[in-house]
There are 2 protein chains.
Amino acid sequence: MKVTELAKSLGTTADTVRYYTRLGLLKPAKSVNGYKSYSNKDVSRLKFILSARNLGFSVADIKQILNESEDGKSACPLVRSLIKERLEETEKQFQAMLALRGKMSSALSQWEEMEDKAPTANMVCHLIENFEKIKKA
Amino acid sequence: MKVTELAKSLGTTADTVRYYTRLGLLKPAKSVNGYKSYSNKDVSRLKFILSARNLGFSVADIKQILNESEDGKSACPLVRSLIKERLEETEKQFQAMLALRGKMSSALSQWEEMEDKAPTANMVCHLIENFEKIKKA
DNA sequence: CTTGACCTGTGTCTAAGACACAGGTCTAAG
DNA sequence: CTTAGACCTGTGTCTTAGACACAGGTCAAG
């Protein structure tokens with residue numbers, strides 16, 4: 001199986017497959033012409049990787065998980081502990097985005113009824129530079 | 001004013017100041033010993049940059065805005081149009097994070113009552129690989 | 001045999017700084 | 001004056017997860 005073939009069969013891109021290959025997550029044999037040749041085992045591994053990415057695991061996480069399972073150990077405890085970490089991070093980022101979204105949309109509406117001003121020596125754009133001050137208005 | 005001095009006075013890091021300097025957003029003079037020497041104008045520019053970053057503008061956006069205002073033009077129209085774009089992006093990412101957060105926390109709770117399993121030839125971790133299937137349960 | 005379409009691996013690029021590092025500066029003690 | 005140590009400097013490299021560019025290889029149709 002060639003790289004594009006594998007990628008398409010699982011709904012991803014050749015670049016993604018190549019990336020995982022570079023990291024050693026997939027281990028294709030080298031075919032005669034130097035092209036990479038992927039096995040059925042690579043197919044299941046890639047399937048796993050894509051599922052895990054979809055659940056918010058980082059590629060580094062996945063590498064760790066695959067290593068664990070290659071030693072014959074159950075990766076389940078590691079998986080549970082990693083997702084706890086990732087979920088906490090996601091929660092933090094989520095709250096940050098929530099706040100940012102609020103700020104941005106309040107700025108947008110505030111700015112709609114404000115006039116344009118030319119820059120001055122110590123003011124680039126009064127919309128931005130006065131935003132925090134009049135936010136409560 | 002030296003780099004750390006400027007950074008601390010506005011509550012940011014020397015690395016950040018150096019980064020903006022590399023991009024040409026700040027234009028320090030070179031002092032005798034080769035150190036960068038920042039002026040009051042750099043102080044106001046940095047203040048502006050930090051406010052804009054805080055509102056979700058990218059550094060590239062800010063570069064554009066500064067260029068506009070350096071030509072003496074009002075940057076307000078550009079600022080309004082850019083924040084509209086950024087807000088849309090933020091909204092998309094926000095929805096994506098919302099969905100991801102839901103998926104992750106549902107996985108976490110589902111996995112708490114599932115047993116560990118050793119890997120098999122075509123299964124790295126059954127928690128991950130069966131998640132989508134039994135999600136509704 | 002040649003054309004063109006598609007594919008390949010390798011190398012570089014992204015955002016926004018953080019970090020490493022070898023060396024410079026500055027203040028206080030001796 | 002000298003030396004020690006603390007802190008500072010600029011430059012260069014690293015990060016994520018791939019996307020993209022590119023020179024060259026492969027393959028089927030003609």
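Below, chain A is the first sequence line, B the second, and so on; all start at residue 1.
Residue contacts for B:Arg53: at a heavy-atom cut-off of 4.0 Å it reaches the sugar-phosphate backbone alone, with no base atom in range.
In this structure, B:Tyr19 places its OH atom 6 Å from P of C:dA16, rounding to the nearest Å. The OH-C1' distance, from A:Tyr38 to C:dC7, rounds to 13 Å in whole Å.
Residue whose closest nucleotide on DNA chain D sits further toward the 5' end, between A:Asn33 and A:Thr16: A:Thr16. Nearer to the 5' terminus of DNA chain D, by closest-nucleotide assignment, is the contact made by A:Tyr20 (compared with the other of A:Tyr20 and A:Lys2). Nearest-nucleotide assignment on DNA chain C puts the 5′-proximal partner with A:Gly34, out of B:Thr13 and A:Gly34. Each of A:Val3 and B:Ser58 lies near DNA chain C, and the nucleotide nearest A:Val3 is the one positioned closer to the 5' end.
Pair assignment for C:dG30 gives D:dC1, based on Watson-Crick or G-U wobble hydrogen-bonding distances that are each under 3.5 Å.
Side chain of B:Asn33 to backbone of B:Tyr35: a donor-acceptor contact under 3.5 angstrom is found. No donor-acceptor distance shorter than 3.5 angstrom exists from the side chain of B:Lys2 to the backbone of B:Ser37, with no hydrogens or angles considered. Proximity of a side-chain donor or acceptor of A:Glu129 to a complementary backbone N or O of A:Cys125 within less than 3.5 Å is detected.
Checking the phosphate oxygens (OP1, OP2) of C:dC6, no side-chain nitrogen or oxygen of A:Thr4 falls inside 4.0 Å.
Note: B:Trp111 and A:Phe57 have parallel aromatic rings, judged against thresholds of 30 and 60 degrees for the angle between ring planes.
A donor-acceptor contact under 3.5 Å links the side chain of A:Arg22 to the base of C:dG11.
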